[in-house]
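First listed ligand is number 1; within each ligand, the first listed atom is number 1. For the single chain, residues carry numbers from 1 onward in sequence order.
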Amino acid sequence: MSAGLRINNIEVIYDHVILVLKGVSLEVPTGKIVALLGANGAGKSTTLKAISNLLSAERGDVTKGSIEYNDERVDKLTPNDLVKRGVIQVMEGRHCFAHLSIEDNLLTGAYTRNISSADTRLELEKIYTYFPRLKIRRKSQAGYTSGGEQQMTAIGRAMMAKPSMILLDEPSMGLAPQIVEEIFEIVKGLNSRENVSFLLAEQNTSVALRYADFGYILENGRVVMEGAASDLATNEDVKEFYLGVS
Ligand code: ATP
């Protein structure tokens, strides 16, 4: 038994017939950054949604296997109860409240916590130290900010819930390389200084393997390779099929 997230042999079916995850097992030990890699459609988002119990909205079901967090079964928890246990998902596409300011978006992240407004302010100031850009832009309506700022807002809002683990879906999507690098640096900072573990689903294999400790590669709903990120980055098959070098 080990602390952290453990997924044992899960199977996911959409619409009662479409088998999408065919027995996926993976672990995210406490304090680590783990990358879930694979091409478009491999099953990365489905894996994250299975953990957060967000599949039912899409007519998906976990039909086999189990999910544990810190040695307790969490498969039947609602997304909100999972947040209370410390696990929060940042969805692909960021999902900010477009009509709210960046600061109000961040404040909504604290709603599951029973803390005073003074403590919420302190928490907010701490979050701003990781995201100085958001502090400058705090009064801007989120819908009018850049893709990078929206991604930062989504991660910052998740941090306001004081999670021990963040499930981060495709943080690099649609962003310029320099902004992607900035976001991964922030993730690394949150991991090392706030001890937040990350499971990040990414198609950008190269950047994910530079920041992660460990990686899993999904193909067609199955884990086909796993290992230390540094080993995967130098593996010939990974280089050829996922890093575009051979
Ligand atoms: P992407 O990067 O495009 O999000 P992914 O690796 O995250 O890819 P998933 O989104 O998990 O992949 O999709 C895995 C498979 O499940 C795909 O074949 C997709 O078409 C299918 N799928 C996803 N959502 C549904 C759904 N709601 N109903 C039916 N099939 C779905």
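Closest protein heavy atom to atom 10 (O) of ligand 1: Ser45 CB, 3.7 Å. Of all protein heavy atoms, the one closest to atom 2 (O) of ligand 1 is Gln203 NE2, 3.1 Å. Protein heavy atom at the shortest distance from atom 14 (C) of ligand 1 is Gly41 O, 3.3 Å. For atom 12 (O) of ligand 1, the closest non-hydrogen atom on the protein side is Gly43 N, 3.2 Å. Nearest protein heavy-atom neighbour of atom 3 (O) of ligand 1: Asn40 OD1, 2.3 Å. Closest protein heavy atom to atom 11 (O) of ligand 1: Thr46 OG1, 2.5 Å. When only non-hydrogen protein atoms are considered, atom 22 (N) of ligand 1 lies nearest to Tyr14 CE1, 3.5 Å.
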With side-chain hydrogen bond (donor to acceptor under 3.5 Å, both in side chains) as the criterion, how do Tyr242 and Asn235 come out once you've worked through the C-alpha distance, each side chain's angles and the decisive distance to 0.1 Å?
CA-CA 10 Å; Tyr242 293 97; Asn235 177 286; over 6 Å; no
Show the numbers, then the answer: is there a salt bridge (Lys or Arg N to Asp or Glu O under 4.0 Å) between Glu68 and Lys76?
CA-CA 10 Å; Glu68 291 161 33; Lys76 301 284 180 274; over 6 Å; no
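Looking at every heavy atom in both residues, Gly148 comes nearest to Ile179 through CA-CG2, 3.7 Å. Of all non-hydrogen atoms in Glu202 and Pro171, the two that sit nearest each other are OE2-CD, 3.1 Å.
Judged by distance alone, the side chains of Tyr69 and Asp75 never bring a donor and an acceptor atom under 3.5 Å apart.
The side-chain contact (heavy atoms from CB on, under 4.5 Å) test with Leu48 is passed by exactly one of Leu199, Leu55, Leu168: Leu199.
Only the backbone of Ala39 comes within 4.0 Å of ligand 1, judged by heavy-atom distances. Contact annotation for Arg59 and ligand 1: no heavy atom of the residue comes within less than 4.0 Å of the ligand. Residue contacts with ligand 1 for Val20 involve side-chain atoms from C-beta outward but no N, CA, C or O (heavy atoms, distance under 4.0 Å). Residue-level proximity to ligand 1 for Lys49 is absent, since no heavy atom of it falls below 4.0 angstrom.
A salt bridge does not link Glu194 with Lys162: every distance from a Lys NZ or Arg NE/NH1/NH2 to an Asp or Glu carboxylate oxygen is 4.0 Å or more.
A heavy-atom distance below 4.5 Å is not found between the side chains of Gln203 and Met173. Looking at Leu122 and Glu125, their side chains never come closer than 4.5 Å, going by heavy atoms from C-beta outward.
There is no protein heavy atom less than 4.0 angstrom from atom 20 (O) of ligand 1. Note that atom 26 (C) of ligand 1 has protein non-hydrogen atoms nearby, at separations under 4.0 angstrom.
Per-residue contacts place Lys44 under 4.0 angstrom from the following atoms of ligand 1 (heavy atoms of the residue considered): 2 (O), 5 (P), 6 (O), 7 (O), 8 (O), 11 (O), 12 (O). Ligand-side atoms of ligand 1 in range of Ala42: 5 (P), 6 (O), 12 (O), range being under 4.0 angstrom from any heavy atom. Residue-ligand proximity, Glu170 to ligand 1, at heavy-atom distances under 4.0 Å covers atoms 2 (O).
In this structure, Ala201 has no heavy atom closer than 4.0 Å to ligand 1.
The OG atom of Ser197 sits 11.5 Å away from the CG atom of Leu190 when rounded to the nearest 0.5 Å.
Looking only at distances, no side-chain donor or acceptor of Asp169 sits under 3.5 Å from a matching main-chain atom of Ser45.
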